[in-house]
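Structure first, commentary second.
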Amino acid sequence: MLKEVISKKEILKKIRELARRIDKDYKKEPIILIGTLKGAFIFLADLVRNLKNPNVQIDFVRVRSYGTSDRPSEKVEITKDLEISIEGKNVILVEDIIDTGITLKFLYEHLKKFNPKSLKICTLIDKKERRKVNVPIDYKGFEIEKGFLVGYGLDFAENYRHLPEIKEIIKNE
Ligand code: IMP
Ligand code: MG
């Protein structure tokens, strides 16, 4: 069963707030927003359309995480890397959800190797319960304690990404 946890209206309100903060921090300075595929595709699309900054570039990376059954997603590898140069640029990494933090930490270290001028992190959802590694989050949409969420880009086995709101999968007892 799916239970709505964040409505379409709440999401868009939060995104407008985040965009306003990003505009305030960078003014008209050029920025590059890097979305993580596939989960962040809708969030990034809505976020950039709310920015007033005229100097915005967009790129995507895609990662795959894998591991053993008792230590899931401990290893991360890039399956699609950057296509534009971020050297000397202001970069914001845009994530859909941070769970253990392993993916984000890996991506953060990876992007740092390209010597950006600055590197910040923006996530729509910060899911706290299973955090293993800490990463500095500069722009955060929502904090959620636990639960498996779908919709607004987030999937369960590739389903539900298209839903306009965020829902939790509730297992029937
Ligand atoms: P982390 O490395 O554990 O932080 O995992 C982050 C990735 O796991 C996200 O980018 C999502 O692809 C996936 N993920 C973690 N929690 C959820 C969830 O509640 N719903 C959908 N995907 C999730
Ligand atoms: Mg995913």
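Computed over heavy atoms, backbone and side chain alike; hydrogens, waters and symmetry mates excluded. One-based numbering, in listed order, for ligands and for the atoms of each.
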* Asked: Out of curiosity, does V63 fall in the hydrophobic cluster containing V135 (side-chain heavy atoms, cut-off under 4.5 Å, transitive links)?
  -> yes
* Could you label the plane-to-plane angle of the H110 and F106 rings as parallel, tilted or perpendicular, counting under 30° as parallel and over 60° as perpendicular? => parallel
* Asked: Would you call R20-D23 a salt bridge at under 4.0 Å N-O?
  -> no
* Asked: Among pairs that include at least one residue of residues 8-48, which meet ring pair (Phe, Tyr, Trp, His ring centres under 6.0 Å), considering only residues two or more places apart or in two chains?
  -> none
* Structure fact -> Near D155 (heavy-atom distance under 4.0 Å), the atoms of ligand 1 are 21 (C)
* Asked: Any N or O on G101 sitting closer than 3.5 Å to an N or O of ligand 1?
  -> yes
* **Contact partition for R130 relative to ligand 1, non-hydrogen atoms under 4.0 Å** => neither
Donor-acceptor contacts, no H, no angles, side chain residues 85-94, under 3.5 Å, sequence neighbours left out:
{"from": "S85", "atom 1": "OG", "to": "E87", "atom 2": "N", "distance (Å)": "3.4"}
{"from": "N90", "atom 1": "OD1", "to": "S118", "atom 2": "OG", "distance (Å)": "2.7"}
{"from": "N90", "atom 1": "ND2", "to": "E29", "atom 2": "OE1", "distance (Å)": "2.8"}
{"from": "N90", "atom 1": "ND2", "to": "P30", "atom 2": "O", "distance (Å)": "3.3"}

* **Y160 six-ring face occupied by K167 cation (under 6.0 Å, within 45°)** => no
* State the atoms of ligand 1, each with its element, that fall below the 4.0 Å cut-off from a heavy-atom position in T103. => 1 (P), 2 (O), 5 (O), 6 (C)
* Asked: For ligand 1, which atoms have a heavy atom of G147 less than 4.0 angstrom away?
  -> 19 (O)
* To do: Check whether any heavy atom of D96 sits under 4.0 Å from an atom of ligand 1.
  => yes
* Structure fact -> Out of D99, I144, T123, the nearest non-hydrogen contact to atom 15 (C) of ligand 1 is supplied by D99
* To do: Report yes if some N/O of L154 lies less than 3.5 Å from some N/O of ligand 1; otherwise report no.
  => no
* To do: Kindly indicate whether the side chain of I125, heavy atoms from C-beta on, has any atom under 4.5 Å from the side chain of L154.
  => yes
* Structure fact -> Counting from 1 in the order shown, the ligand 1 atoms closer than 4.0 Å to a non-hydrogen atom of L149 are 18 (C), 19 (O), 20 (N), 21 (C)
* Would you say L104 contacts ligand 1, with heavy atoms under 4.0 Å as the rule? -> no
* Structure fact -> In ligand 1, the atoms that come under 4.0 Å of a heavy atom of E95 are 10 (O)
* What are the two closest heavy atoms between L111 and P116, and how far apart are they? -> O-CD, 3.4 Å
* Residue T100 vicinity, atoms of ligand 1 by number, heavy atom under 4.0 Å -> 1 (P), 2 (O), 3 (O), 4 (O)
